[in-house]
Amino acid sequence: MAFGIYTVIKRYKLVSGNTFTYIDGFKTGVVTGFLATFVFALFMSIYMFHLDVEFKDTLLREWFKDYDQGGGILIFIILIEGLSSTAILSLTFMQIFKNSKNLSENK
């Protein structure tokens, strides 16, 4: 995910040129990460509920042995981890790509 967000923000900065702003770059990173997270969560839900049911049961037995939770908690965890990673990575990469106040540092 980190490589994808970095690459998309870098490409967006190259394409937009002088009109590149911090907010636009951040939005680009967030949208990219959110889409990747939802695609991965969809894949994992298909995998866990249809292709390999034993995988889901093994995870639930080991992680949540004292709680009576269904498989939906696993998808929820994937979504929360992906969305939080997206926000942190987008903010981090924008520190690299933001336009500096020092004219010699702008690229």
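Counting begins at 1 with the first residue of the sequence.
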Do the side chains of Y12 and I5 join up, straight or via other hydrophobic residues, at under 4.5 Å, putting them in one cluster? yes
When clusters are formed by joining ILVMFWY residues with side-chain heavy atoms under 4.5 Å apart, either directly or through shared neighbours, do V39 and V8 land in the same one? no
Can you check whether L42's main-chain N or O pairs, donor with acceptor, with S45's side chain at less than 3.5 Å? yes
Hey, is the main chain of D24 close enough, under 3.5 Å, to the side chain of T21 for a donor-acceptor pair? yes
Hydrophobic clustering (ILVMFWY, side-chain heavy atoms < 4.5 Å, transitive) - are I88 and M94 grouped together? no
Take the angle between the ring planes of F43 and Y47 and call it parallel below 30°, perpendicular above 60°, tilted in between. parallel
Between K98 and K13, what is the shortest heavy-atom contact and its length? O-NZ, 4.2 Å
Kindly give the heavy-atom pair with the smallest separation between S85 and M1, and that separation in Å. CB-SD, 4.3 Å
Closest non-hydrogen atom pair between A41 and L79, with its separation: CB-CD2, 3.7 Å
For the CZ atom on F76, are there more than 12 heavy atoms of other groups (residues, nucleotides or ligands in this structure) within a distance under 6.0 Å? no
Mind checking whether L89 and Y22 sit in one hydrophobic cluster, side chains of I, L, V, M, F, W, Y counted as touching below 4.5 Å? yes
Hey, what's the ring geometry for F97 with Y6, parallel, tilted or perpendicular (30° and 60° as the breaks)? tilted
Quick check: closest heavy atoms across G29 and S90, and the distance to 0.1 Å? C-OG, 3.2 Å
